[in-house]
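Computation of the quantities below employed the complete heavy-atom set of this structure, encompassing side-chain atoms and omitting hydrogens, waters and symmetry-equivalent molecules. All chains are named by letter (A, B, ...) in the order of the sequence lines, taking the proteins before the strands, and each is independently numbered beginning at 1.
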Amino acid sequence: MTTRREFLIALTSALEQVAEGDYSIRLDIGGEEEFEPVAAAFNAMQVRLRDTVSSLELAIKNLHQKQRELVEAEKLASLGRVAAGVAHEINNPLAVMNEKAGLLQDLLGLAVECPGKEEYLALVRGISIQVRRCGAITHTLLGYVRRVDLTVEPFDVNHCVREVAEDLEHLSREKGVTVGLELGVELPVVRSDKIQLEQVVLNLVKNAIEAVPPGGAVRVATAPGTEGTALITVSDDGPGISPAHLAHLFEPFFTTKEKGQGTGLGLFISRGIMKRLGGDLQVASTPGKGTVFTVAVPLRYGVLS
Amino acid sequence: VSGPATRRRVVIVDDEREFAATLARRLELRGYEATAFTTAEEALAAAGSAPPDVVLLDLRLPGMSGMELLMTLRQLVPGVRVVLLTGHLDHEARIEGLRLDSFPYLMKPVVMDQLLAKLEAEPPGRGEAGDR
């Protein structure tokens, strides 16, 4: 039998625990008739509190997630603008250097009596090659500006993939790499920026062709994804990417290609584009087996799922 | 060797004087009559007395813009071929608020073989937008 004093002690202790944020404690209803309504009301309050607190916690968590995504997208956009501004300022002196080196090469070529001419010509050609290398970087960065402005239109993702495969046919044939398409039937029409998505896919397929040895295989597949998305996967049976490299894969200027072969901006910009389109670009790789890039495109740009 | 009468007259308009002057010199070495200007106004004044066959034009110019020069030149010298010089076409287009990809253009730094191909291409007919 519970005395009034015992019940009040139990109630006080329970309330203290509620104050501490513990909503799991329940009072025993099967006691004295006098205490039953109080215990039942307390228990009902606990259930309600627990539900409210957990839905608030979830809302805050989602809010933080969205905020992080927004900050990330804004960071990428402003980084892009700064990078493009710098690239533009560097591109003009680069163009001057290119003409000066070119004129030097022209004049050396015309010179009749010039001891050491071949060596000078080789040196000046070397300068031109390095200028072109810088030009590849400035052009890629300048291209980022355009990617800030979107053109949204309805299109077929499979059509997009087929066009990319056609564009890269010469490259794959030259290297002896097969590019197989596994296009999903009944893919919904996507409303997004087609040209930018194509650039992402082109970049991924090109990377895959370059990553596999001759005789290797690249596979591009499309399928409906979850939460109103379409998925494009680009997989290869190449050497894969080591976990150490994988961690830095989407960082700007990270490249494992030989010096002068890659700007290290392709994947960085590709992921930037996908974030901008409200989608995502992920990678999974097993060293020795191959790599899979997964592009998630929201079916409707600007409509939150 | 082609005589002066058949030399094609190329005008370069770019506010980067070193770029324009050096490129003009290189084109001279290749048999063109090339003149460099750093403003649209200078180029326009000269075009009246010596109409160019081809104009290599940077859109970003101080004073009169490259786009204004392009429009005026086309009226002044019908059939003139205009090739845009640009760091990045989309970048310039964004600034000009125009779609410029209907004009022939070259990205800077310029690759000489590509430039020569543009110079030798057939000029577009009057009123046409030109090739790419």
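Residues Val164(A) and Glu198(A) share a closest heavy-atom pair of CG2-O, 3.8 Å. Nearest heavy-atom pair, Val220(A) versus Leu183(A), reported as atom, atom and distance to 0.1 Å: O-CD2, 4.5 Å. Shortest non-hydrogen contact noted between Pro52(B) and Val80(B) is O-CG2, 3.5 Å. The two residues Val190(A) and Ala230(A) make their nearest non-hydrogen contact at CG2-CB, 4.2 Å. Asp280(A) approaches Lys275(A) most closely through the heavy-atom pair OD1-NZ, 3.5 Å. Between Pro109(B) and Asn91(A), the shortest heavy-atom contact is CD-OD1, 3.6 Å.
Contacts of Thr255(A) classified as side-chain contact (heavy atoms from CB on, under 4.5 Å), with partners at least two apart in sequence or in another chain: Lys257(A).
Checking each of Arg9(B), Arg7(B), Arg8(B) against Glu33(B) for a salt bridge (Lys or Arg N to Asp or Glu O under 4.0 Å) leaves exactly one that passes, namely Arg9(B). Under the side chain to side chain contact (heavy atoms under 4.5 Å, CB included) test applied with Leu187(A), the options Leu231(A), Leu299(A), Asn158(A) reduce to a single match, Asn158(A).
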Derivation and outcome, salt bridge (Lys or Arg N to Asp or Glu O under 4.0 Å), residues Asp58(B) and Lys108(B) | CA-CA 10 Å; Asp58(B) 187 346; Lys108(B) 287 201 258 180; 3.2 Å; yes
From CA spacing to verdict: salt bridge (Lys or Arg N to Asp or Glu O under 4.0 Å), Glu99(A), Arg26(B) | CA-CA 8 Å; Glu99(A) 295 315 320; Arg26(B) 294 189 73 194; 2.9 Å; yes
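Atoms CE and CG, from Met274(A) and Leu267(A) in turn, are 13.0 Å apart once rounded to the nearest 0.5 Å. Separating the NE2 atom in His88(A) from the CG atom in Asn92(A) is a distance of 5.5 Å, to the nearest 0.5 Å.
Residues from residues 102-120 of chain A that place a non-hydrogen atom less than 4.5 Å from a non-hydrogen atom of chain B comprise Gly102(A), Leu103(A), Asp106(A), Leu107(A), Leu110(A), given in numerical order. Listed by sequence position, Glu16(B), Glu18(B), Phe19(B) are the residues of residues 12-20 of chain B in contact with chain A, using a 4.5 angstrom heavy-atom cutoff. Residues of residues 37-47 of chain B lying under 4.5 angstrom from chain A, judged on non-hydrogen atoms, do not exist here.
Looking at Leu23(B), both its backbone and its side chain come within 4.5 Å of chain A, counting heavy atoms on both sides.
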